[in-house]
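Read through the structure below, which is laid out as C-alpha cells, and then see the notes.
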Number of protein chains: 2
Amino acid sequence: MRITYKGDYALKTILGLALHYGNSPTTINDLARRADIPTKFLEQILLDLKRGGFVESRRGKIGGYLLARAPSQIKLGEVIRFVDGPVEPIACAGKKYSGCNDVYKCVFRKIWQDVSLATSKIIDNITFEELAKNIKDKGPVYTYQI
Amino acid sequence: MRITYKGDYALKTILGLALHYGNSPTTINDLARRADIPTKFLEQILLDLKRGGFVESRRGKIGGYLLARAPSQIKLGEVIRFVDGPVEPIACAGKKYSGCNDVYKCVFRKIWQDVSLATSKIIDNITFEELAKNIKDKGPVYTYQI
DNA sequence: TGTATACTCTACTATTATGATAGAGATTAT
DNA sequence: ATAATCTCTATCATAATAGTAGAGTATACA
C-alpha cells in the first residue's frame, strides 16, 4: 500500500466532514483551507468521493459537501482502497491473480498476502467516527490539525 | 510498501543465488533466464545489489554472481528496503518526519506507523535460507518457480 | 598472446502515474 | 438577476518505472 497525496487529501477531507457531521454542508473552499489542500485538486477528489458514495453535495448558495453515511459507517480501508487502489504491495498477492506459471510454488506470494492481511486488519478496523473522536479528545475542534 | 518489478526481480535473483549458495558463480544470463527477467535490466539490478553488499561478482570466463553473505544472514526486509525504499505507506510515518505543523495531533500518522510496524514484523522475520528451504521442500530444484 | 566469455558503466527512451491548474458551465438561495 | 457554489473536461509539468543500447574492462584458457 502506498498513500498518495490524493489519498491523503481524501482521508483528511472525509475526516473534516465527519467532524461536521449532522450540521450544514461544508464548502470545498472551507475544506481546502482547513486541511491545506489545493482547491482545484480537492474539487476533483470530492467528485470522485461522490461517485464512490462517500459524500453528497448541495449546489448553489449555502451548498457544499456532506457525508453520505454516518462516520461510524465509513471505514478507513474503504476510502483508501477507493482512492489509492488495492492494499496489496504487488498484484500477484491479489485473490484473483493467475499470471504466474505456478503461483503455488512462489514463496513470495504468501508473504505479500500476509502483509496485505495485516494491513487490512488495521485499516478495516477503524471508522471515521473513532478518528473524529480522537481529534475531539485532543482539544477544541477549531484547533485541530488533520 | 509497494514492490516494483525491480524489487520483485531483485528478490527472485537473491533467492536464485541462495539456492546455489556454496557452489560456483551463476551468470547474469542464467539468473535472467531462470527467473524470466530481461537480461540488461538484471545487469543493473545486480550492480545495485553489489553496491548494497548483497552479492559479489567474478569477472571473465567462469565469472558470475555469488551471495556476499550466507542466505541465513540476508533478511527479506533488507533487500526490499534497499531496492524499493522504505516500507512506510506515506513519508509522514517515518521516525524522523517533522513536516507537519503538529504531527502529534494527526490521527492518521499513528495508523500508518502501525501498518509499517506490522509489515516490518513480517519481512524482517524471514531470511533467504528459509525461503530457499521452502522451495527445496516443494520439489526438485530444477523445476522451481521463483 | 589472442580470444571468447562475462561483468561494468553511462546514456538514452517510452510509458504511466502523480499532482496539480484552467476555464467554461450548471444549479440554487435570496 | 446575481452571487455563491458545485460540475465537468482539458491540459500540463515532473518524476518514477521499466526497460534498451552499446562501448568498455577483466579473466580463464588454449
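All values below come from the heavy atoms of this structure, side chains included, with hydrogens, waters and symmetry mates left out. Below, read A as the first sequence line, B as the second, and so on, with proteins coming before strands; counting in each chain starts at 1.
Regarding A:Ile62, its CD1 atom lies at a distance of 16 Å from the C1' atom of D:dT2, rounded to whole Å. The CG-C1' distance, from B:Asp48 to C:dC7, rounds to 15 Å in whole Å. One interatomic measurement links the two molecules: CG of A:Asn29 to P of D:dT7, which rounds to 14 Å at whole-angstrom precision. Here the P atom of nucleotide D:dT17 and the CD1 atom of B:Ile37 are 17 Å apart, to the nearest Å. Protein atom NZ of A:Lys50 is 7 Å distant from nucleotide atom C1' of D:dC6, rounded to whole Å. Nucleotide D:dT7 holds its P atom 11 Å from the CD atom of A:Glu56, rounded to whole Å. In this structure, the CG atom of B:Leu47 is 16 Å from the P atom of C:dA6, given to the nearest Å. Between A:Asp84 atom CG and C:dG19 atom P there is a gap of 8 Å when expressed in whole angstrom units.
Residue B:Tyr9 places no side-chain N or O under 4.0 Å from the OP1 or OP2 atom of D:dT17. Remark: A:Tyr65 is in phosphate contact with D:dT7, judged by side-chain N or O atoms under 4.0 Å from OP1 or OP2. Phosphate contact (OP1/OP2 of C:dT8, side-chain N/O of B:Ser57, threshold under 4.0 Å): present. In this model, the phosphate group of C:dG19 is approached by a side-chain N or O of A:Thr4 to a distance below 4.0 Å at OP1 or OP2.
Taking every side-chain heavy atom of B:Arg51 into account, C:dC9 is the closest of C:dA6, C:dC9, D:dT7. With C:dT18, C:dT28, C:dT8 as the choices, the nucleotide that has an atom nearest any side-chain atom of A:Lys61 turns out to be C:dT28. Among C:dG23, D:dA23, D:dA18, the nucleotide with an atom closest to any side-chain atom of B:Lys40 is D:dA23. Checked against D:dT17, D:dG19, C:dA24, the side chain of B:Gln44 finds its nearest nucleotide in D:dG19.
Contact of A:Arg59 with C:dT28 (side chain to base): no donor-acceptor pair of N or O atoms is detected under 3.5 Å. You'll find a donor-acceptor pair under 3.5 Å spanning the side chain of B:Glu43 and the base of C:dC9, going by distance alone.
Classification of B:Lys6 and B:Asp48 as a salt-bridged pair holds, one side-chain N sitting under 4.0 Å from a carboxylate O. A salt bridge is defined here as a Lys NZ or Arg NE, NH1 or NH2 lying under 4.0 Å from an Asp or Glu carboxylate O, and A:Glu43 with A:Lys40 meets this definition.
A perpendicular orientation is assigned to the rings of A:Tyr5 and A:Tyr9, their planes being inclined by more than 60° (bins at 30° and 60°).
Side chains of B:Ser120 and B:Arg81: a donor on one and an acceptor on the other come within 3.5 Å.
Nearer to the 5' terminus of DNA chain C, by closest-nucleotide assignment, is the contact made by B:Ile28 (compared with the other of A:Phe41 and B:Ile28).
Closest approach of A:Pro71 and A:Thr127 over heavy atoms only: O-CB, 3.7 Å.
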